[in-house]
Protein chains: 2
Amino acid sequence: MAEPADIYEKVMELAKRRGFIWPSAEIYGGVAGFIDYGPLGAQMKRRIEDAWRAFYVIREGFYEIECPTVGVEPIYVASGHVKGFSDKMCQCPHCEEYLRADHVAAAGGIGNAAALSAEALGETLKSLPCSACGEELGEVRVFDFNLMFNTWIGPGSQRKGYLRPETAQGIFTDFPRLLRFYRDKLPFGAVQIGKSFRNEISPRQGMIRLREFTQAEAEIFVHPEGKRHPRFDRYREYAVPLLGCEEQCGKGEPVLVTMGDAVKKGLVANEYVAYYIALTHDILVTVGVDPARLRFRQHLTTERAHYAADCWDAEALSKRFGWVELVGIADRTDYDLRAHACESGVALTAYLPLETSRMERRRRIIPDMKALGPKFRGRAKEVADALVKADPGPDGVEIEIGGERIAIPSSLYQVKEEQVEVRGVEVMPHVIEPSYGIDRMCYAVLEHSYDEDMVEGEVRRVLHLPPAIAPVQVGVFPLVSRDGLDRVAAEVASLLTAAGIFTEFDESGAIGRRYRRQDEIGTPYAVTIDYQTMEDGTVTIRERDGMAQVRVKKDTLAATVRGLLGGHTAFASLGP
Amino acid sequence: MAEPADIYEKVMELAKRRGFIWPSAEIYGGVAGFIDYGPLGAQMKRRIEDAWRAFYVIREGFYEIECPTVGVEPIYVASGHVKGFSDKMCQCPHCEEYLRADHVAAAGGIGNAAALSAEALGETLKSLPCSACGEELGEVRVFDFNLMFNTWIGPGSQRKGYLRPETAQGIFTDFPRLLRFYRDKLPFGAVQIGKSFRNEISPRQGMIRLREFTQAEAEIFVHPEGKRHPRFDRYREYAVPLLGCEEQCGKGEPVLVTMGDAVKKGLVANEYVAYYIALTHDILVTVGVDPARLRFRQHLTTERAHYAADCWDAEALSKRFGWVELVGIADRTDYDLRAHACESGVALTAYLPLETSRMERRRRIIPDMKALGPKFRGRAKEVADALVKADPGPDGVEIEIGGERIAIPSSLYQVKEEQVEVRGVEVMPHVIEPSYGIDRMCYAVLEHSYDEDMVEGEVRRVLHLPPAIAPVQVGVFPLVSRDGLDRVAAEVASLLTAAGIFTEFDESGAIGRRYRRQDEIGTPYAVTIDYQTMEDGTVTIRERDGMAQVRVKKDTLAATVRGLLGGHTAFASLGP
């Protein structure tokens, strides 16, 4: 068993050495908040993204779109990021390091640091040590630092641009096009996987706090009334460890609740939120997060965005970082569409036909232009336009033109009562948003799957990755590199590659060392070609976790390995 | 047949309407040089990227890595982008629009505009009209505009950052890690697919000239001597239309040459370049570029980078844009590694063991410190260090210290001849770089696959996409939405989806209209459930291009469709 204290160092040492994660621009001294995915890390990350797509794109049927990472300012004015996407910062007067003020305060034992105002934080910091040099900070100014990277689009500083802080905004701004694509029906969903950016003040947590990271976000547009999920049955009996607001104020222990019960008891706001909590649990366990180190924590009303109807974080337990948010699942109501409609002037609503049209009485105001003209001259048209939209009483109506209130007597217009056939209604959908941090998922999967055991008197490092996530799917080794074994092994490797199985051929070093190399990168199966292969055409397959070996026919090897990788064949069922 | 003149408008109208390509941030008026991939476009783009991976990652065995899009300044100082990645720009004094000076000149009939200096261009522009407002430009200043987007990393403007202009630099800066990953052997390759950025002065060409675009780049590190590709046989007999330097000066017609001949005749510099020209042709035709509208053009010595040993562009013919570069294939020699080694101070070489070690005579200079000390005092150590590296003659040697040349007589040092065992050599690899513009490939595939024919007296729009690239793989329709046909059709659709086939169920509108909808987005097959299905369990499969229909058993449908999509089954072989 790995020691809790140094598991982060062990995981990252392995990740660096074997090509999962490398410091970015390392030959130039690296740069905080950026990482490179090496050959195995990039492969694992892609497999996790594809597992995510299997749930959201293939099973849920939500199409993926791809928007640029650079966006123009109005998008982020509407979304609130220009104004509100910031952290409180101060600069150490001694070492001149920039510090995240709330983190310094929290490290100094201040409980509610994140909720404090700039002034209160500044007051608190006076007697605390700088987290970089250790000197007492003394008098420091605390101010907001906007976390968006900005740039200029085109020459002559023509247009300010931002690197997107989330992929979601591209989906919101494409709402009219998406609605038409889905033939003007609700609910529908769209997803996006891509890079997002956050210009962190002082990132020091490896893969947990990155300045450039990959998100996978789904935006599901639903009818605001009756948030019942059409396929809720799939997860009605699915139980998830939930740490609701109440539990957080109490013992702090999550309770295992089925999604049906969670909605019935009002613990989760509605079926949509519950459905995506369960689906998220399903995905995370599928890609290799340990279910015993996974919980769903509800946002407290103090931390929840004012517009959100409900919000839950999927959190994974890290021995180094504590509970880390991997996914946020929120009912964002119509906040985003309303904000963009307001900023852009484009109506972001869906016109939904009624099942049966209904007749409605409507009043129509008809201004008397002959009377208005002489009375208001140049402003007559403005007055008439205001009248059409007004709601007159029996004695006339007061309208407002350019800030001035004008009383209009009923003699200047006619009121007609009409019967109108209403065939549909304009609805601004609500948005359910599950938002995944892919890099944090990659880290959690590495930490949770890392293990050490003793084999033949030596420490064996092993990543217990799910076969579908492991970067290399099968290792192929000749027992020795002579007597034709190497040639047959190379043929077997080509055969598996041609069958679409990602294979690594390795003929250097003792066979035990080659097994260890594959164990360490999580390769689930290893195939060895030995002298018996030359006699009877069988090879051995070794399973990573139990290290048991069985002999199978070389001719059916590809099908066997595919069955094992796909989960259709149990390893125990193989053999003589 | 589509009219040549308006095919771009037709393709883009279809692309917008059906959800392939949308203007980015459209509700805010859009922004030039950025596009959104809608649901079908993103799916098609992903399929093209995966086809690319099937060649480079699976077949060639080059691992993919993933580096950030934001990079620090030294990377782009080394690469030359800070200094040289710019276009010549001027501003119209009348409408204040920024213009690309060489484009304005070229539009005004100036032949060699791209090669002119800023002064010469300014002179040329005087009498030419502004391409935005049409006024004569008059006196304008022409200057260099750097095309990298820049930003600041961290607070307090700590570090300048750039959005990468190409993915390649991440692979170069990871060279030491990659070399270790590949166990210190040559050749090896690494690839990257991701966003790159180019802050174009005035982009006006839709998907052809984007400010944010997707590249797929491979960097293959090879031994600088003897550039023979180990698997050259694969493409030795493969013929490609090549437009070499000579042909460009002559008739301008490409000649069809096998790669073996091209290398033998010296038309292509070496087997590596030839191999990736052929592989690129193979990929482009696989994803749907019309081979009759594809050529490979060699860079003229005037346009080729000074360090490149050879460079070829894969160009596709567009009715709107003429010959468009989709891919560049270059032998970049050791230019990139040398530049980064120089800027970073890190040795970017591979230590290659010799097959048999050899003994070498080496001279070692041993300075006589007792004599140097009194003579040079404080500079004695500097003199000794310089002596160790010097190459003395029989009468002494001249060294240089701080610009001063000093003659050192042979009495101040000893020369020892030694036998040294040399076991390996340090080699700086050369880089072969095939670099693909994914967005341009998507556009070329759309334009080349677009067609119109007459069906039942109406124009049928159809995209003849290869089945592996089509966003939707099969449409499933009930002939009518009643009598249980809709239920059975929905079951068939679920069955195909579960088999991993991307399926669209459509029950609205006349059957002919549903076929047209799928033809228009390139769906290769459509399955219809009719009354006969209810009797004998057969369904019809219709093929997009020929519109022929055959009946097949519902039970074996998934396997049949998979066979058709994978190219193992010919449509003509189906049927009664």
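In what follows, chains carry the letters A, B, and so on, assigned in the order in which the sequence lines appear, proteins first and then strands, with residues in each chain numbered from 1.
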Interatomic spacing from [atom1] in [X] to [atom2] in [Y] - rounded to 0.5 Å:
| X | Y | atom1 | atom2 | value |
| --- | --- | --- | --- | --- |
| A/Glu66 | B/Ile35 | CD | CD1 | 8.5 Å |
| A/Glu64 | B/Gln43 | CD | CD | 8.0 Å |
| A/Ile153 | B/Phe149 | CD1 | CZ | 6.0 Å |

Heavy-atom contact with chain B under 4.5 Å, split by part of [X]:
| X | result |
| --- | --- |
| A/Glu504 | side chain |
| A/Pro176 | side chain |
| A/Thr151 | both |
| A/Gln169 | neither |
| A/Lys16 | both |
| A/Leu178 | both |

Pairs of heavy atoms under 4.5 Å with chain B: top-ranked of [options]:
| options | result |
| --- | --- |
| A/Gly170, A/Cys67, A/Gly161 | A/Cys67 |
| A/Asn146, A/Thr497, A/Ile27, A/Val31 | A/Ile27 |
| A/His340, A/Met89, A/Arg17 | A/His340 |
| A/Ile201, A/Asp174, A/Leu163, A/Thr214 | A/Asp174 |

- Query: Got A/Leu40 and B/Phe181 here, is their nearest side-chain heavy-atom distance under 4.5 Å?
  - Reply: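 Result yes, sub-4.5 Å side-chain heavy-atom pair found.
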
- Would you say A/Val346 and B/Tyr28 make side-chain contact, with heavy atoms under 4.5 Å?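 Answer no - side chains too far apart.
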
- How about residues 189-199 of chain A versus chain B: which residues have heavy atoms under 4.5 Å apart?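 The list, in residue order, reads A/Lys195, A/Phe197, A/Asn199.
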
- Considering heavy atoms only, which positions within residues 69-79 of chain A lie below 4.5 Å of chain B?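 Within residues 69-79 of chain A, the residues that come under 4.5 Å of chain B (heavy atoms only) are A/Thr69, A/Val70, A/Val72, A/Pro74, A/Ile75, A/Ala78.
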
- With B/Arg177 via side chain to side chain donor-acceptor pair (under 3.5 Å) - residues at least two apart: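 With sequence neighbours excluded, B/Arg177 shows a side chain to side chain donor-acceptor pair (under 3.5 Å) to A/Glu26, given in chain and number order.
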
Most contacts with chain A, counted as non-hydrogen pairs under 4.5 angstrom, among [options]:
| options | value |
| --- | --- |
| B/Ser344, B/Ala42, B/Gly33, B/Ser494 | B/Ser344 |
| B/Gln91, B/Arg180, B/Glu200, B/Arg46 | B/Arg46 |
| B/Leu348, B/Asp36, B/Thr503 | B/Asp36 |

- Name the region of B/Glu343, side chain, backbone, both or neither, that has any atom closer than 4.5 Å to a heavy atom of chain A.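 For B/Glu343, heavy atoms of backbone and side chain both lie under 4.5 Å from chain A.
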
- Item | Residues in residues 52-60 of chain B near chain A [non-hydrogen atoms, under 4.5 Å] |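 The list, in residue order, reads B/Arg53, B/Val57, B/Ile58.
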
- Message: On a heavy-atom basis, which atom in B/Arg211 and which in A/Pro155 lie closest, and how many Å separate them?
- Response: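 Nearest pair, atom of B/Arg211 first, then A/Pro155: NH2-CD, 4.4 Å.
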
- Message: For a quick test of reading the model, state the closest non-hydrogen atom pair linking A/Pro68 to B/Phe34 and the distance between them.
- Response: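 Closest approach of A/Pro68 to B/Phe34, heavy atoms only: CB-CD2, 3.7 Å.
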
- Message: Do the side chains of A/Asp506 and B/Arg183 get close enough for a salt bridge, i.e. N-O under 4.0 angstrom?
- Response: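 Result for this pair is yes, salt bridge flagged.
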
